[in-house]
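Chain identifiers are assigned alphabetically (A, B, ...) following the order of the sequence lines, protein sequences preceding nucleic acid strands; residue numbering begins at 1 within each chain. Note that the coordinates shown come from a computational prediction; the quantities given were computed from them, not determined experimentally.
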Number of protein chains: 2
Amino acid sequence: MSEKITIYDIAKKLNITAATVSRALNNSPKIKESTKQLVLEAASSMNYKQNKLALALKSGRSNNIGVIVPRVDSNFFASVIRGIEEELYPHGYQVIICQTHENPKRENENLYTLIDAQVDGILMSVTAVTNENDDAFQNVLEKNVPLIFFDRSKQINGVSSVTINDFKGGYIVTKQLINQGCRNIAHFSGDQSLEIFKNRFLGYKQALLDSGIPFNEKYVIQSKSSVEAGKNAINILLELETPPDAIFSSSDFAALGAIQELRDRNINIPQEFCVAGFSNEPFTKFMELSITSVDQSPLEMGKMSARVFLEQVGKTDTIKIEKKVVLAPELHIRKSTSRINS
Amino acid sequence: MSEKITIYDIAKKLNITAATVSRALNNSPKIKESTKQLVLEAASSMNYKQNKLALALKSGRSNNIGVIVPRVDSNFFASVIRGIEEELYPHGYQVIICQTHENPKRENENLYTLIDAQVDGILMSVTAVTNENDDAFQNVLEKNVPLIFFDRSKQINGVSSVTINDFKGGYIVTKQLINQGCRNIAHFSGDQSLEIFKNRFLGYKQALLDSGIPFNEKYVIQSKSSVEAGKNAINILLELETPPDAIFSSSDFAALGAIQELRDRNINIPQEFCVAGFSNEPFTKFMELSITSVDQSPLEMGKMSARVFLEQVGKTDTIKIEKKVVLAPELHIRKSTSRINS
DNA sequence: ATTAACTATGTAATCGATTACACGAAAGTA
DNA sequence: TACTTTCGTGTAATCGATTACATAGTTAAT
């Protein structure tokens, strides 16, 4: 077991005080060049490593940032995290991961735990939007810890966010379905208390209206993001008097479920029925019948969130900066909605 | 900005000393019940939160553990991380994420950075196996910080690991190909300086030998884990005098690339050619032509690694525990290797 | 020659919590 | 009554690094 070397050990060896050692290591201009050399050599030969905890306690900055996501094992969130880590790495920040599992209680715990751990900032995607965690958010703001929402945001004064234009995403994907000749377009939505799902829905609705297609409430189904949920949802729709001829699903997984079910019923995609998803999960382009989907550029979103954090950190006590970055969604048109070419 | 409340603030308010407050908060038996009550009430009314940094500095334990992976945006690693986080959450540990991007230099930096940050343990999947990072690993061990390898391991005394039986994985998947009647079975391998790829290859070889099929060196190609690499690799194989009639790929992505290329050439899968992958990526079961693959139970692997860490933490200075957990691989037989049923 | 200014370093407080040791008061024992 | 425990708190050191302030020694300026 190697002893922990501190600046006191170096000081003792050189017959000087720890203060001088500290200053020398920090390259203070008040220290004689020769002393600096001595200290640096001793530090290196004794294999000295600065204790970041002591530094953190003294300075009040831990050089850790917290990232809160519903789950880490989703392609989208994992990519965002990758972006965050890559952008922050050169600046010496470490990334602490927390998962909420869509549970507001966990979100609350995570917020308090991160603050207790003295993180220098929190980047997160909110979970369901209840008001029960308002105190926790307020607590973060009072502590003057930069808080940045990515993807799933929430209206709070003084909080920056990095999102994509979900309205536009819903709009362009619906337009594409309309362009393919679909007129009875259904929508699988997520929990509309979350802005992202609300906005995709509104984009969908607007696209219909702009094209003179009446909006049909029965065509909107709230479903979870899973293959199974997609199957259930399409089965309900196919029972309708006038079944739809297309689906825009807010989840690629639900879109896949719908496709599987349609295929089981020998309904031809895209000729008889078009299906589009959202998120651009890797599998959507791998399928033989590749699936049209809206890309959210998660890597870029992560990097951008990190950059917004870097802008805000340190600028405490000044005017609250509230930056809203909105990235453009990108439609990837694939076979599942390409009647023209098929 | 809310003031930071410390035990000294509480002490002042109650006209006692910080020591008493600390003891009361820690429920020390030496403190009068009535005093405890007073302290607890004051703490709660003043909204006191313990400063974890101070605690960490004093105790030498940060309650953070570091996780080092090549990338976080891979289904496998993300799932492992999920498992680790879930298992450690109830124990109050936070998870710090580092990515190596398969770069030994980054691995080295990450190891030192985590030690500098005083993490209580490091769970990692090693990157390429050179010896250049031996000092970094030794440094971790000297600091008596539990080090646990998962999936990609390395032989170091005193280090525990949680892996799957890759040899068996390679063996059973190859056997499945043989059972389907394939006799010229090729193998896409990864970097064989990594034990996992070496062992899968050895399992493949052994399965051939056990079935009396001669091993053909030309059938083994080292390829990256990507669709493109899979396409390139199969193109080389198809140029051979006796092209193979099956592939066991150490990567699902490369397997997919092979399948796409075979389809372009109108080679029928699985009738004329069988393809199996490794990792059980989500898309393998989503494809219309679902792909046979070997599951590595990443979630379980993560949880198990965390449990091994929990066993070791705290037991410093005692006998080095070197635990080697080997999980069983699970073959998921799908359409890409199912001649009998198709 | 005397004062001012600067240089390099030491002293000691600080960040916030824990804890070994000390001590006065109360209770128990002989 | 006198002596020993026990109880509840206070005192002060500690974890390791930083830094405002103090100070001794030099050099520059008047």
Touch class at under 4.0 angstrom, heavy-atom based, for [X] against every strand present:
| X | answer |
| --- | --- |
| K52(B) | nothing |
| T17(B) | base |
| L57(A) | base |
| L53(B) | nothing |
| S22(B) | base |
| S59(B) | nothing |
| K32(B) | sugar-phosphate |
| L55(A) | sugar-phosphate |

With a cut-off of less than 4.0 Å, is there a side-chain N or O of [X] near OP1 or OP2 of [N]?
| X | N | result |
| --- | --- | --- |
| Y48(A) | dA17(D) | yes |
| N26(A) | dT18(D) | yes |
| Q118(B) | dC15(D) | no |
| T20(A) | dA8(C) | no |

Can you check the [X] [atom1] to [N] [atom2] distance for me, whole Å?
| X | N | atom1 | atom2 | result |
| --- | --- | --- | --- | --- |
| N27(B) | dT19(C) | CG | P | 14 Å |
| L14(B) | dG8(D) | CG | P | 17 Å |
| L38(B) | dG8(D) | CG | P | 14 Å |
| I7(A) | dT14(D) | CD1 | P | 15 Å |
| K12(A) | dA17(D) | NZ | C1' | 16 Å |
| K36(A) | dA8(C) | NZ | C1' | 11 Å |
| I10(B) | dT9(D) | CD1 | P | 15 Å |
| K30(A) | dG10(C) | NZ | P | 14 Å |

Closest to side chain of [X], choosing from [options]:
| X | options | result |
| --- | --- | --- |
| T6(A) | dT11(D), dA17(D), dT9(C) | dA17(D) |
| A19(A) | dT19(D), dG16(D), dT19(C) | dT19(D) |
| K58(A) | dC15(D), dT18(D), dT9(D) | dT18(D) |
| K4(A) | dT19(C), dA20(D), dG16(D) | dG16(D) |
| T35(B) | dT18(C), dT9(D), dG16(D) | dT9(D) |

* Asked: Is there side-chain contact between D120(B) and S62(B), with heavy atoms separated by less than 4.5 Å?
  -> yes
Does [X] reach the main-chain N or O of [Y] with its side chain, forming a donor-acceptor pair under 3.5 Å?
| X | Y | answer |
| --- | --- | --- |
| N110(A) | R106(A) | yes |
| N133(B) | A136(B) | no |
| D9(B) | T6(B) | yes |
| Q99(A) | V72(A) | yes |

* Structure fact -> The residue, A54(B) or R23(B), whose nearest nucleotide of DNA chain C is more 5′ is A54(B)
* Distance flag, aromatic centroids of F149(A) and F137(A), threshold under 6.0 Å -> yes
